[in-house]
Every structure is written in structure tokens, then in C-alpha cells.
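Both ligands and their constituent atoms are indexed starting at 1 by order of listing. Bear in mind that the values here come from a model prediction, so they are computed numbers and not experimental data.
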Amino acid sequence: MRIGVLGSGDVAQVLASGFLKHGHAVTVGTRDSAKLADWAKSNTGGRVGSFADAARFGEVLVLAVKGSAAAEVLRFAGADALAGKPIIDATNPIADTAPVNGVLKFFTGLDESLMERLQREFPQARLVKGFNSVGSGRMVDPAFNTGRPTMFICGNDDGAKRTVSGLISELGWDTSDMGMAESARAIEPLCMLWCIPGFLRNEWTHAFALLKS
Ligand SMILES: NC(=O)c1ccc[n+]([C@@H]2O[C@H](COP(=O)([O-])OP(=O)(O)OC[C@H]3O[C@@H](n4cnc5c(N)ncnc54)[C@H](OP(=O)(O)O)[C@@H]3O)[C@@H](O)[C@H]2O)c1
């Protein structure tokens, strides 16, 4: 598939490299392509452009930018370039204040999520939450003795969730569909839970798995 990755940080770079490794065509978008110069050198099959370039290029998009900038980045990308496309939303609404005893602060409340805000502003986009509650170092081909970890996803469009589940599965995960966009109210805070062992004990290599009988 053609995948447009919006972002230049760790998540964007790791997922862009992962999708290239698994045989997809990738364009990464940023305001400042210099930030991706090293990535481009070691990922010669990938391309770098603006947010709008990456959005136009992708049949599927990945949103991997600072949570507070996510809406602005989608505006840069342009509503027309987003329309009808599955967008894997890896963002978290992390506030610009320090964690308290290892617990991150969010700029959203319990009865709303960042993904719902984005979905409301861009109704033609088909947002699917994913990759928000694991560290970038474990996003691609995670290896655990106990088996494949679980990626919790949600979104309003079943077709988009099927497409995204297929891609996430290629990267080594089981997916668990947690329902509609409102379920992002529960999935986004998993990022808080995931980070606590990191902030308290410098443990950053775990992932969540859903056990079923
Ligand atoms: N780091 C992790 O392990 C991890 C794991 C799971 C989820 N997440 C989530 O994934 C997202 C990306 O995380 P990250 O650590 O890779 O990167 P990040 O430092 O949170 O974000 C960097 C990206 O945000 C964009 N950005 C920042 N301020 C902006 C503004 N004012 N206007 C437009 N764009 C702006 C940057 O754009 P430019 O490229 O133009 O500079 C860059 O692409 C975040 O929402 C984070 O919560 C992170």
C-alpha cells in the first residue's frame, strides 16, 4: 500500500521504517525535512515531503505528531487529502505539564478524547486509534516470549478498521477492536498506564496483551 506518515518524531520514523520493511511505499511528512535527513539516508526507499505531500501520497495515513498539534497538522494536510482514507491515529493528548508521581497529565477529560475531536473536525477522514499505548521501540515486530501483544483499536468505520488491523498484524500485533470513536476515551489513557513503569522505574519495554478464555 502507499502509506503517508505525518510526523518526524520517533513514532513517525519507526512506523515509516517498519512499513517500508514490510513492503509498503512510504512518504513521511513534516514542516522541516532537515529533521528527517538521517532517516532518509538509512531508508533509501522512502520519501520525505510536507504534511500535504504525505497526505496526498497515502492510501492509508499515520498521524504521529504532538497531540496538541494534531488538528493543525491535519489542517496543513488538507481535508481533501484526508477524505475517505483510514488514518492510524497514534497521538495522545499529553499536556505540557510534568507528570505527577509518574502519571501523565492530559488536556482532555474522561468524557472526551483527542481522536473524537479530530473526527468531528474532519468527518470525511476515517480515523482509527492505534499505536498510542506502546513505546516506539516496540511498535514494529515486537518480540515477547509470551506471544504477540495486543493493539487496542477503535473508530467509526469498519472498513478502515479492517485495513488498519491488517497493517498492524503485519507489524507483529494482534488487534482488539474496542468499538467506535468514543472508545478512544479509554484507549488514549492506556498511554498513561504504559508510561508509569517508565517514569517510576525506567522500564520502557513492555506492551499490553488481552487474555481471553
Ligand atoms: N514516543 C513514543 O514512544 C510514543 C508512543 C506512543 C504514542 N506516542 C504519541 O505519538 C505522537 C508522536 O510522538 P513522538 O514522540 O514521535 O513525537 P512528538 O515529539 O510528540 O511530536 C513531533 C511531531 O509533532 C509535530 N509538531 C509539534 N509541534 C507542532 C506544531 N506546533 N505544529 C505542527 N506540528 C507540530 C512535529 O512536526 P514537524 O515534523 O513539522 O517538526 C513532529 O512531526 C504523540 O502524540 C505521542 O503522544 C508516542
Side-chain angles (χ1 to χ4, degrees), residues 3-19 26-40 43 46-55 58 61-78 82 87-99 102-108 113-118 121-122 127-142 149-154 164 168 171-173 184 186-199 202-208:
I3 300 188
V5 178
L6 308 178
S8 63
D10 290 343
V11 175
Q13 294 192 29
V14 163
L15 289 178
S17 300
F19 284 125
V26 174
T27 294
V28 191
T30 173
R31 294 166 300 174
D32 176 8
S33 54
K35 290 184 180 172
L36 289 162
D38 288 343
W39 181 87
N43 292 271
R47 280 184 268 177
V48 174
S50 65
F51 288 128
D53 292 334
L61 306 181
V62 178
L63 181 62
V65 297
K66 191 174 179 207
S68 56
E72 197 182 348
V73 167
L74 293 183
R75 285 176 214 132
F76 284 141
L82 309 178
I87 304 178
I88 304 173
D89 172 20
T91 64
N92 287 308
I94 298 172
D96 285 329
T97 41
V103 181
L104 285 167
K105 294 210 175 183
F106 272 17
F107 59 76
T108 48
S113 64
L114 177 56
M115 194 179 85
E116 289 170 271
R117 288 190 190 177
L118 300 175
E121 183 170 344
F122 300 93
L127 286 152
V128 180
K129 199 86 215 171
F131 289 109
N132 71 298
S133 43
V134 64
S136 57
R138 289 277 166 145
M139 287 181 176
V140 176
D141 302 327
T150 307
M151 185 70 68
F152 298 104
I153 66 166
C154 69
V164 169
I168 290 174
L171 297 199
W173 292 78
I187 297 177
E188 288 173 0
L190 289 179
C191 139
M192 289 185 187
L193 187 65
W194 186 87
C195 285
I196 289 171
F199 289 126
N202 202 25
E203 296 168 8
W204 300 100
T205 57
H206 47 282
F208 296 125

So the atoms of ligand 1 within less than 4.0 Å of a heavy atom of Lys35 turn out to be 38 (P), 41 (O)
Within less than 4.0 angstrom of ligand 1, does Phe51 place any heavy atom?
-> yes
For atom 36 (C) of ligand 1, the closest protein heavy atom turns out to be Arg31 NH2, 3.9 Å
For Phe131, the atoms of ligand 1 under 4.0 Å from one of its heavy atoms are 6 (C), 7 (C)
Going by the 4.0 angstrom heavy-atom rule, the piece of Ala69 near ligand 1 is side chain
Practice item. Kindly state if atom 38 (P) of ligand 1 has a protein heavy atom within a strict 4.0 Å cut-off, that is, under 4.0 Å? Key: yes
One finds that the ligand 1 atoms under 4.0 Å from a non-hydrogen atom of Gly67 are 45 (O)
*Are any of the N or O atoms of Val65 closer than 3.5 Å to those of ligand 1?*
yes
Here the pair of heavy atoms bringing Ala90 nearest to Val11 is CB-CG1, 4.2 Å
Residue-ligand contact Val134/ligand 1, heavy atom below 4.0 Å:
yes
Under 4.0 Å from one or more heavy atoms of Gly135, ligand 1 contributes atoms 3 (O)
Closest to atom 10 (O) of ligand 1 by heavy-atom distance, out of Ser33, Ser133, Ala90, is Ala90
shortest atom 47 (O) of ligand 1-to-protein heavy-atom contact is with Asn92 CB, 3.4 Å
- Message: So for ligand 1, is Asp10 a polar contact partner (N or O within less than 3.5 Å, distance only)?
- Response: yes
Review point. Less than 3.5 Å between some nitrogen or oxygen of Val11 and one of ligand 1, yes or no?
Key: yes
So, does Gln13 sit close enough to ligand 1 that a heavy atom of it is under 4.0 Å from the ligand? no
What one should report as the nearest heavy-atom pair of Phe76 and Ala52 is O-CB, 3.7 Å
For Thr91, is at least one N or O under 3.5 Å away from an N or O on ligand 1? no
Going by the 4.0 angstrom heavy-atom rule, the piece of Asn132 near ligand 1 is backbone
The residue among Leu171, Ile168, Leu15 that forms side chain to side chain contact (heavy atoms under 4.5 Å, CB included) with Met139 is Leu15
Met139 heavy atoms within 4.0 Å reach ligand 1 at atoms 5 (C), 6 (C)
